[in-house]
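Only one structure is covered here, and it is reproduced in the block below.
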Amino acid sequence: MKVASWNVNSLKVRLPQLLQWLQAEDPDVVGLQETKLLDDNFPVDEIQAAGYHVDFAGQKTYNGVAVLSRGNGPETTDIVTDLPGLDDPQRRVLAVTIGDLRFVDFYVPNGSEVGSDKYDYKLGWLEKCTAYIEDQLQQHERFIVGGDFNIAPEDEDVHDPAGWTGQVLFSGPERQAFQRLLKLGLTDSFRLFEQEPATFSWWDYRMGAFRRNRGLRIDHILVSDALKDRCVGARVDREPRTWERPSDHAPVVAQFTD
DNA sequence: ATGGTAGCTGGGCTA
């Protein structure tokens, strides 16, 4: 089983790239973020034609999440699009059950700037999502939460940790919230394996950041203990970030034995 | 401290 997450930054613009990537990579489950589409405009037909069932929760202009699951399997069930206790119009959550796998797709708020209202919203969101994940881990042995967490967990996940200290995406409270999530019984699949130094998943469009590899690793696939033991590989696929008119994020992938 | 780019939208917000 191969599981992936990709912040596509507009599925309308990136649909051809997604379809090309699905064909090449052949993942079983894919969480998407920043689809930026109303549900009425979601490209269901194109994704079904590529061989995937798809669930989605979108809104106008911003945010929006979707989960693709390869169509051979049973339909998805127990679809959840809101964090319990958070009355939020922003579409950032999509949890689905695929066979015996519970998969949660997150688009964690960016936070804008430390100390801002958006930063407070991010920390509050992380509290609510942690409570939800704790509940889900108790109910599902085979559990994965993937997505754009907008948090670089460690120094090695940042091109310039000294310069980023205290900045949004790398501030202490955000990283502590990420550690609290892991403490519930999750493992960062990427760090189960030896990786190239300076591997990132997001590069700002500005200032030639990708060309200079000035990036952060903020997209993650976190797995329960049962799946940690079955995880046989994890990586960032930089290639789509080299394509013409790319998303600012690269897809991240984790592979498991059956 | 600011600006650089991209997407959505139709001026400004978000990232």
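Chain letters run A, B, ... following the sequence lines, proteins first and then strands; every chain starts at 1.
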Do the side chain of A:R217 and the main chain of A:V158 share a donor and acceptor less than 3.5 angstrom apart?
-> no
For the pair made of CD in A:E244 and P in B:dA6, what is the distance, rounded to whole Å?
-> 11 Å
Listed in order of residue number, which residues of residues 57-65 of chain A have a non-hydrogen atom at under 4.0 Å from DNA chain B?
-> A:K60, A:T61, A:Y62
Members of residues 105-129 of chain A that approach DNA chain B, where some heavy atom sits under 4.0 Å away = A:Y107, A:N110, A:K118
Pairs touching residues 27-36 of chain A that satisfy side chain to side chain donor-acceptor pair (under 3.5 Å), sequence neighbours left out = A:S5-A:Q33, A:N7-A:E34, A:N9-A:K36, A:D28-A:R70, A:Q33-A:D105, A:E34-A:Y107
Between CG of A:L11 and P of B:dC8 the distance, given in whole Å, is 10 Å
Should A:S10 be listed as having a side-chain N or O under 4.0 Å from OP1 or OP2 of B:dC8?
-> yes
The answer to which of A:R92 and A:K12 contacts DNA chain B further toward the 5' end, by nearest nucleotide, is A:K12
If the plane angle is over 60° it's perpendicular, under 30° parallel, otherwise tilted; pick one for A:F143 and A:H140.
-> parallel
Residues in salt bridge (charged side-chain N to carboxylate O under 4.0 Å, His left out) with A:K2, at least two apart?
-> A:E25
What is the distance from CD of A:Q90 to P of B:dC13, rounded to the nearest Å?
-> 15 Å
Short question: side chain of A:Q255, backbone of A:V232 - any donor-acceptor pair under 3.5 Å?
-> no
According to a strict under-4.0 Å criterion, is A:R245 in side-chain N/O contact with OP1 or OP2 of B:dT5?
-> no
Figure out the NE2/P separation between A:H249 and B:dT14, and round it to whole Å.
-> 16 Å
Considering the options A:V223, A:V145, A:I144, A:D225, which one meets the side chain to side chain contact (heavy atoms under 4.5 Å, CB included) requirement together with A:L186?
-> A:V145
What pairs of residues pass the ring-ring contact (aromatic ring centres under 6.0 Å, His included) test when at least one of them lies in residues 8-59 of chain A, not counting sequence neighbours?
-> A:W6-A:W21, A:F42-A:F56
Using atom CG of A:N9 as one end and atom C1' of B:dT14 as the other, report the distance to the nearest whole Å.
-> 10 Å
Tell me which residues in residues 201-219 of chain A put a heavy atom below 4.0 Å from DNA chain B, sorted by number, or none.
-> A:Y205, A:R206, A:M207
Separation of B:dA15 atom P from A:D148 atom CG, nearest Å, is 10 Å
Take the protein atom CD of A:Q17 and the nucleotide atom C1' of B:dG7, then report the distance between them rounded to whole Å.
-> 14 Å
A:R241 has an atom CZ; how far is it from atom C1' of B:dA6, in whole Å?
-> 10 Å
